[in-house]
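Note that this is a predicted model, so its numbers are computed, not measured.
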Amino acid sequence: MPHLFATSDLHVTHEGNAPLVDEVVPRTSDDWLLVAGDVAERAESVIGVLKTLRERFAKVVWVPGNHELWTTQKDECQLRGQARYEHLVERCREIDVLTPEDPYPVWEHQEKPLTVAPLFVLYDYSWRAPAAEGLPMQAAIDQARDAGVLCTDEFFLHPDPYPSRQAWCADRVKISTERLEAIPEDHGTILMSHWPLHRHPTAPLYWPEFALWCGTTETEDWHLRFRAEVAVYGHLHIPRSTEADGVRFEEVSLGYPREWRKRARGPIPLRRIF
């Protein structure tokens with residue numbers, strides 16, 4: 001029986017993480033791997049890791065995280081926003097890695113067929129800490145900054161040609177909704193995204209203000225609306241299994257070395273979903 005594995009937030013440019021890619025290996029020649037974003041910040045590093053993983057697994061499905069979408073001075077690829085995303089999609093196609101722009105594959109090894117839906121939806125600042133409820137967006141960001149929290153996306157994740165990240169998010173929600181609605185009704189789904197689709201995984205955040213950069217209220221019912229068997233995500237660096245409305249949510253991130261070194265179980269770069 002083939003296995004469906006998942007990983008995210010490998011952050012291979014952080015010292016101590018790159019060797020752990022060697023532990024992301026299949027158990028059978030038919031195993032699949034879901035990569036839920038934040039492989040690295042540099043485009044060549046992202047593609048290099050994905051190429052290695054595709055050589056090991058029968059199928060690899062990738063969605064971008066915020067770090068893949070950063071445009072930094074150290075990256076030879078200086079494309080921004082949508083152009084950067086499209087570049088990564090084209091590079092993935094060259095190495096036979098599936099993306100949110102490709103036909104959704106179907107996992108046939110459960111009681112019913114499960115369509116694997118890789119989703120790129122971003123966030124729109126609608127998840128607020130109590131102190132920021134009802135505030136305009138910029139006031140909510142200022143409140144988070146005053147609390148000591150400001151996501152690096154504000155400097156490196158450019159929304160070009162969209163006027164804002166929330167406008168880009170709105171378009172991605174529209175695109176994703178249309179594709180999800182086209183999935184056959186007799187199929188369940190495996191929803192995979194970098195940012196969690198439901199708010200509940202953000203509850204343990206040390207800084208609740210960081211939820212601003214973690215998702216959108218527009219996806220809160222997608223696990224029910226689109227018949228999810230499981231929702232796979234990363235971003236929070238809080239690897240665990242939770243449940244909402246009877247649906248399993250799997251946070252599959254490795255995280256930074258300073259995080260996994262504190263855990264008794266150590267680094268876990270690969271999680272089995274089925």
Side-chain angles (χ1 to χ4, degrees), residues 1-13 17-69 77 84-110 113-121 176 179-180 183 187-195 197 228-235 239 250-255 267-274:
M1 175 69 71
H3 302 85
L4 178 66
F5 289 105
T7 187
S8 78
D9 297 79
L10 291 172
H11 294 291
V12 297
T13 58
N17 273 16
L20 295 173
V21 175
D22 292 339
E23 299 182 22
V24 183
V25 293
R27 295 184 185 176
T28 79
S29 60
D30 295 321
D31 291 353
W32 289 17
L33 177 67
L34 310 181
V35 183
D38 277 8
V39 174
E41 295 79 23
R42 301 180 189 179
E44 286 303 321
S45 296
V46 173
I47 299 304
V49 171
L50 291 175
K51 184 175 185 294
T52 295
L53 297 176
R54 178 60 186 88
E55 291 168 354
R56 299 173 185 170
F57 288 84
K59 195 176 295 293
V60 174
V61 187
W62 166 84
V63 294
N66 52 316
H67 284 238
E68 279 105 341
L69 300 173
C77 177
R84 184 177 183 86
Y85 171 59
E86 291 176 352
H87 171 74
L88 290 169
V89 167
E90 288 304 314
R91 296 292 306 278
C92 282
R93 286 173 172 166
E94 291 173 1
I95 59 174
D96 193 30
V97 169
L98 296 177
T99 77
E101 308 309 310
D102 296 309
Y104 290 164
V106 178
W107 181 254
E108 300 278 9
H109 306 287
Q110 299 303 116
L114 301 177
T115 295
V116 178
L119 305 171
F120 168 39
V121 291
S176 301
R179 295 204 62 193
L180 288 167
I183 294 173
H187 283 213
T189 61
I190 299 166
L191 303 181
M192 64 171 291
S193 56
H194 179 66
W195 296 272
L197 300 175
E229 194 78 13
V230 62
V232 176
Y233 66 97
H235 189 57
E250 294 285 354
E251 217 271 33
V252 297
S253 63
L254 170 62
I268 301 179
L270 187 65
R271 294 276 297 279
R272 183 169 63 85
I273 305 303
F274 290 115

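Formation of a donor-acceptor pair under 3.5 Å by the R271 side chain with backbone atoms of E251 is found in this model. Side chain of D38 to backbone of N66: a donor-acceptor contact under 3.5 angstrom is found. No donor-acceptor pair closer than 3.5 Å links the side chain of E90 to the backbone N or O of H87. The main-chain N or O of G255 is never found under 3.5 Å from a side-chain atom of S253 such that the two would form a donor-acceptor pair. Side-chain atoms of R179 come within 3.5 Å of backbone N or O of P100 as a donor-acceptor pair. No donor-acceptor pair closer than 3.5 Å links the side chain of R93 to the backbone N or O of T99.
The shortest heavy-atom contact between L180 and A117 is CD2-CB, 3.7 Å. Contact detail for S193 and W195: the closest heavy-atom pair is OG-O, 2.7 Å. Nearest heavy-atom pair, N17 versus V12, reported as atom, atom and distance to 0.1 Å: CB-CA, 4.2 Å. In this structure, S8 and G234 approach most closely via the heavy-atom pair OG-CA, 3.4 Å. Nearest heavy-atom pair, V63 versus H194, reported as atom, atom and distance to 0.1 Å: CG2-N, 3.8 Å. Heavy-atom minimum distance, A6 versus V252: CB-CG1, 3.9 Å.
Using a 4.5 Å heavy-atom threshold, the side chains of L270 and L33 count as touching.
Side-chain N/O atoms of E41 and T13 include a donor and acceptor closer than 3.5 Å. In summary, the side chains of Y85 and E101 do present a donor paired with an acceptor at a separation below 3.5 Å, with no hydrogens or angles considered.
Atom CZ of F120 sits about 5.0 Å away from atom CG of L69, to the nearest 0.5 Å. The line from NE2 of H3 to CG of D30 is 11.0 Å long, rounded to the nearest 0.5 Å. Atoms CG and CD1, from L50 and I47 in turn, are 5.5 Å apart once rounded to the nearest 0.5 Å. With rounding to the nearest 0.5 Å, the separation of OG1 in T115 from NE2 in H187 is 5.0 Å. Annotation: the span from L10 atom CG to L20 atom CG amounts to 8.5 Å, rounded to 0.5 Å. Going from atom CG of L4 over to atom CG of L34 covers 4.5 Å, rounded to the nearest 0.5 Å.
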Original post:
For W32 and F5, what are the C-alpha separation, side-chain angles and deciding distance, and is it a side chain to side chain contact (heavy atoms under 4.5 Å, CB included)?
Top reply: CA-CA 6 Å; W32 289 17; F5 289 105; over 6 Å; no
Original post:
Would H235 and D9 satisfy side chain to side chain donor-acceptor pair (under 3.5 Å), going step by step from the backbone distance to the final call?
Top reply: CA-CA 7 Å; H235 189 57; D9 297 79; 5.3 Å; no
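Note on R91 versus E44: salt bridge recorded, some NZ/NE/NH1/NH2 to OD/OE distance being below 4.0 Å. For the pair R56 and D22, the salt-bridge criterion is met [side-chain N within less than 4.0 Å of a carboxylate O].
For Y104, the ring pair (Phe, Tyr, Trp, His ring centres under 6.0 Å) criterion is met by no residue, not counting sequence neighbours. With sequence neighbours excluded, no residue satisfies side-chain hydrogen bond (donor to acceptor under 3.5 Å, both in side chains) with S29.
For the side chain to side chain contact (heavy atoms under 4.5 Å, CB included) test with K59, the passing option among D31, V116, L98 is L98; the others fail.
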